[in-house]
Amino acid sequence: MSKVIAQQTTAGSAAQAVFSFGRALGSMLVGGAYLPVGGWLRAFLGVGLLYVVTSTFTLAKVVRDRQEVGQMVSRVDQARLDKLLAEHDPFKVEGL
């Protein structure tokens with residue numbers, strides 16, 4: 001029986017991702033605040049930024065959920081195969 005190694009995110013990797021996201025979002029907000037355009041265009045860009053951020057989170061969740069489903073199906077298939085191999089007797093002679 002093979003053991004599945006769970007991939008875990010390290011604390012440093014998670015912190016880097018959070019920091020990177022915060023810096024990118026902050027840079028966009030500061031850039032939008034100092035952009036030499038009118039209020040309506042600035043508001044439009046802000047709403048567009050929010051839409052992109054929420055869509056990114058949704059996409060990341062969908063990808064993660066699909067990956068988890070694939071791992072679950074793989075585990076069920078592996079459990080079935082392990083059960084069949086455990087029940088199989090290669091020295092059993094049929095018909096005697």
Side-chain angles (χ1 to χ4, degrees):
M1 182 164 86
S2 65
K3 200 172 212 185
V4 177
I5 298 173
Q7 295 178 351
Q8 293 184 352
T9 305
T10 63
S13 175
Q16 181 182 3
V18 169
F19 176 75
S20 176
F21 176 77
R23 184 171 178 141
L25 184 62
S27 298
M28 286 297 299
L29 291 174
V30 169
Y34 286 106
L35 195 64
V37 294
W40 282 104
L41 186 55
R42 189 173 289 135
F44 175 77
L45 292 174
V47 169
L49 176 64
L50 288 175
Y51 183 61
V52 168
V53 169
T54 57
S55 296
T56 302
F57 280 118
T58 303
L59 178 62
K61 182 183 181 322
V62 167
V63 169
R64 185 195 66 204
D65 290 348
R66 292 184 105 188
Q67 181 182 12
E68 287 178 355
V69 166
Q71 288 177 349
M72 185 62 69
V73 169
S74 176
R75 287 184 196 154
V76 169
D77 288 343
Q78 184 65 39
R80 287 180 182 160
L81 179 62
D82 289 344
K83 181 181 175 194
L84 284 173
L85 290 174
E87 292 174 352
H88 176 67
D89 184 7
F91 300 110
K92 183 179 178 183
V93 178
E94 296 287 330
L96 283 182

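From a predicted model like this one, the values you see are computed outputs, not experimental measurements. These numbers come from the heavy atoms of this one structure, side chains and all, not from hydrogens, waters or symmetry mates.
Counting only heavy atoms from C-beta outward, the side chains of Ser13 and Thr10 approach each other to under 4.5 Å.
Taken together through direct or relayed side-chain contacts under 4.5 Å among Ile, Leu, Val, Met, Phe, Trp and Tyr, Phe19 and Val53 form parts of separate hydrophobic clusters. Residues Phe57 and Leu49 share a hydrophobic cluster, clusters being chains of Ile/Leu/Val/Met/Phe/Trp/Tyr side chains in contact below 4.5 Å.
Counting only distance, with no hydrogens or angles, the side chain of Ser20 and the backbone of Gln16 share no donor-acceptor pair below 3.5 Å. Put simply, the side chain of Thr54 gets close to the backbone of Tyr51: a donor and an acceptor are under 3.5 Å apart.
Distance check, rounded to the nearest 0.5 Å: CG of Leu45 to CG of Leu50 gives 11.0 Å. The distance from atom NZ of Lys61 to atom CZ of Arg64, rounded to the nearest 0.5 Å, is 5.5 Å.
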Step-by-step side chain to side chain contact (heavy atoms under 4.5 Å, CB included) determination, Leu41 to Leu35: CA-CA 10 Å; Leu41 186 55; Leu35 195 64; 5.6 Å; no
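Residues Val37 and Arg42 come closest through the heavy atom pair O-NH2, 3.3 Å.
For Phe44, the ring-ring contact (aromatic ring centres under 6.0 Å, His included) test picks out no residue, with sequence neighbours left out.
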